[in-house]
Trainee: 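For reference, the structure I am asking about is given below.
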Amino acid sequence: MTDEDEAAFDEFVAARSTALLRTAILVCGASAHDAEDLVQGALEKVYRHWSRIRADNPEAYARKVVVNSAITRSRRRRVIQEITFAAPPDTPVEGPDLGLREAMLTELRKLPARMRAVLVLRYWEDQSEAETAVLLGCSVGTVKSQAARGLARIREAMVEGVPA
Amino acid sequence: MNVEEALKEAMRAKVGEVYAPPSMGSAVRRRRRRSLVRFRTAGAVLVTAAVAVTVPVVLTNTTPQAGPAAGASAPAIAVPGIVVPDVVGMNAKQAYLLLEQAGLTPMLMTPGENDKGLVAGEKVIQTNPEAGAVADPKALVQIKTPWVPGPTASPESEPQDGKPVNPNLGDLGDGLTWMGIHVGYLPEGVKWGGDSYVGGFGPKSATVPYVTAGLEEGMYSIQVIVGVDKSLLRRDGEQVAPGTWVSNYGEGGEKLDFGAGSTLTASRDLPGDQVVQVLFSPDYSASLGEERARTEIAKVIEHIRLEK
């Protein structure tokens with residue numbers, strides 16, 4: 001890579017790595033530390049192809065790599081989730097809103113990885129249905145149905161509030 | 001609030017305070033370096049230098065302000081855009097959050113470390129564009145922090161190949177004997193992956209992943225967890241031997257059928273206060289098929305014994 005490529009990559013990482021990290025945490029349900037490892041791995045792939053993709057929407061490419069890596073890891077590596085369940089927080093939720101929020105996030109974590117990714121891309125990243133479909137390599141119809149089913153599950157969690 | 005908004009709010013609460021470390025770029029290069037790449041910081045340094053040249057040393061004292069700037073501090077004419085808040089002197093994370101809340105795209109410009117042992121400081125010293133400037137929504141705002149001397153590197157926490165090391169059990173040899181147990185059987189083609197992790201499952205816990213050939217880094221085929229937390233013992237599966245249960249669980253710990261998305265899991269109460277859990281990854285389970293996978297996991301956990 002040229003010096004200009006290197007500098008552009010640094011700029012890209014500085015601007016986008018936090019957004020990618022947040023998305024990775026939400027999609028794979030990992031701790032920040034584990035998600036950081038995942039984002040580093042995804043950025044390494046971006047870096048490898050940087051000369052070719054830097055002029056052609058590298059952010060979309062990076063997001064696609066991160067989301068797909070997060071889905072893969074979420075499916076293959078339950079260790080991350082096990083840590084969450086084996087060591088629940090000592091402090092109980094402090095109020096009804098926090099409880100509701102926690103119930104929703106718990107439900108989100110329970111969703112199949114791909115359905116969770118649809119919800120994260122649509123409602124956290126504000127991606128359109130068409131953009132989400134491109135990122136996940138599926139049809140717009142699949143995005144719609146996955147989003148509807150995922151939201152229905154989350155809605156149930158909202159109605160039920162904090163699980164007993 | 002509808003469910004979409006509530007979900008977004010919940011996700012914001014979960015990750016809104018999470019920031020990528022400034023060292024992300026250099027960490028990516030370190031990973032890459034192991035296979036082929038020459039390590040260089042020149043690119044990052046050049047960018048930083050460019051910021052230093054273009055940003056005035058003294059910035060205006062504009063009050064931090066979120067949102068569109070049409071009515072901001074003193075403009076006589078409504079300007080479509082966002083006034084860049086003054087974040088100089090703030091902690092870099094606070095500055096990042098403030099700029100983000102203002103509708104801008106913050107960038108931390110100082111790389112995390114350089115080859116002289118310097119690391120990024122915490123306080124913002126400059127921004128570009130400077131405070132008070134009007135920027136387009138989502139425009140990039142560079143945040144510069146100074147180089148400061150880094151903490152003395154511990155050879156244990158940062159080995160030469162650049163791969164970060166978590167608290168682990170060290171060199172386990174064949175990887176079969178650790179934390180007072182011995183893994184007496186592994187299916188053909190499965191061996192220790194070279195990693196181990198301590199403390200992720202409560203006190204006195206550790207986990208060791210075992211892998212098959214060609215598995216991507218960070219993945220596991222079989223994982224053995226040992227701890228004293230009794231929640232590791234899942235008694236709700238099929239009992240295959242005294243004190244030993246097998247079932248499939250989803251990402252949320254719920255019971256599922258065998259197949260993609262579930263992890264075949266065996267747990268067993270060991271003599272004393274220890275509990276052991278064995279996981280077959282969904283991919284590995286699928287490669288064996290349900291019947292064989294269940295037979296093998298029962299055999300693996302049966303052959304785990306306390307090491308005298």
Side-chain angles (χ1 to χ4, degrees), chain A residues 3 5-11 13-15 17-18 20-23 25-26 29 32 35-41 43-44 46-48 73-79 81-83 85-88 98 100-102 104-113 119-120 122-124 151 154-155 158, chain B residues 3-4 6-16 18-22 24-25 27-29 31-32 40 42-44 46-47 96 105-109 111 140 142 197 200-202 205 207 209 217-220 223 225 227 229 231-232 249-254 260-261 263 279 281-283:
Chain A
D3 284 353
D5 281 339
E6 296 278 3
F9 179 75
D10 284 320
E11 202 168 316
V13 170
S17 54
T18 289
L20 293 171
L21 180 62
R22 290 172 179 177
T23 296
I25 291 171
L26 291 170
E36 213 174 277
D37 187 55
L38 187 151
V39 171
Q40 279 182 18
L43 286 174
E44 190 188 340
V46 173
Y47 184 71
R48 205 179 302 159
R73 182 166 298 201
S74 175
R75 284 175 175 165
R76 290 184 187 173
R77 206 178 174 193
R78 195 161 64 95
V79 175
Q81 280 74 27
E82 277 295 341
I83 290 170
F85 291 102
L98 291 179
L100 179 62
R101 195 180 282 165
E102 194 52 44
M104 294 174 78
L105 290 171
T106 300
E107 198 59 43
L108 182 70
R109 280 197 296 268
K110 287 182 183 176
L111 297 178
L119 294 187
V120 171
R122 289 282 291 119
Y123 304 114
W124 169 249
L151 282 179
I154 301 287
R155 194 175 287 114
M158 282 181 76
Chain B
V3 64
E4 293 91 336
L7 178 60
K8 182 163 190 166
E9 189 52 42
M11 290 193 278
R12 191 197 313 281
K14 171 81 176 167
V15 298
V18 175
Y19 299 92
M24 183 71 88
V28 169
R29 286 197 176 83
R31 290 169 72 112
R32 186 90 181 114
R40 57 188 301 289
L46 283 173
V47 174
Y96 194 106
T105 304
M107 299 172 58
L108 282 169
M109 293 311 297
L140 293 180
Q142 298 168 336
Y197 305 91
F201 300 87
S205 71
T207 181
E217 186 177 331
M219 300 300 180
Y220 75 99
Q223 180 132 357
I225 302 165
D229 185 342
S231 67
L232 287 171
Y249 299 100
E251 293 163 14
E254 73 280 17
T263 303
L279 315 174
S281 77
D283 286 359

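Residue numbering restarts at 1 for every chain, and letters A, B, ... go by the order of the sequence lines.
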Trainee: Name the region of A:L151, side chain, backbone, both or neither, that has any atom closer than 4.5 Å to a heavy atom of chain B.
Mentor: both

Trainee: If you round to the nearest 0.5 Å, how far is NZ of B:K8 from CE of A:M104?
Mentor: 13.0 Å

Trainee: Heavy atoms only: give me the nearest B:G16-A:R22 pair and the separation to one decimal.
Mentor: O-NH2, 3.1 Å

Trainee: Looking at A:V120, A:L119, A:L43, which has the largest count of heavy-atom pairs under 4.5 Å with chain B?
Mentor: A:L43

Trainee: Can you tell me how far apart CZ (A:R155) and CD (B:E4) are? Round to the nearest 0.5 Å.
Mentor: 6.5 Å

Trainee: Report the distance from atom OG1 of A:T23 to atom CE of B:M11, rounding to the nearest 0.5 Å.
Mentor: 9.5 Å

Trainee: Compare every heavy atom of B:L140 with every heavy atom of A:E11, then report the nearest pair and how far apart it is.
Mentor: OE2-CD1, 4.5 Å

Trainee: B:T105 and A:A15: which non-hydrogen atoms are nearest, and at how many Å?
Mentor: CG2-O, 4.2 Å

Trainee: Look up atom CD in A:E107 and atom CG in B:L7, then write down how far apart they are to the nearest 0.5 Å.
Mentor: 11.0 Å

Trainee: If I compare all heavy atoms of B:V15 with all of A:W124, which pair ends up nearest, and what's the gap?
Mentor: CG2-CZ2, 3.6 Å

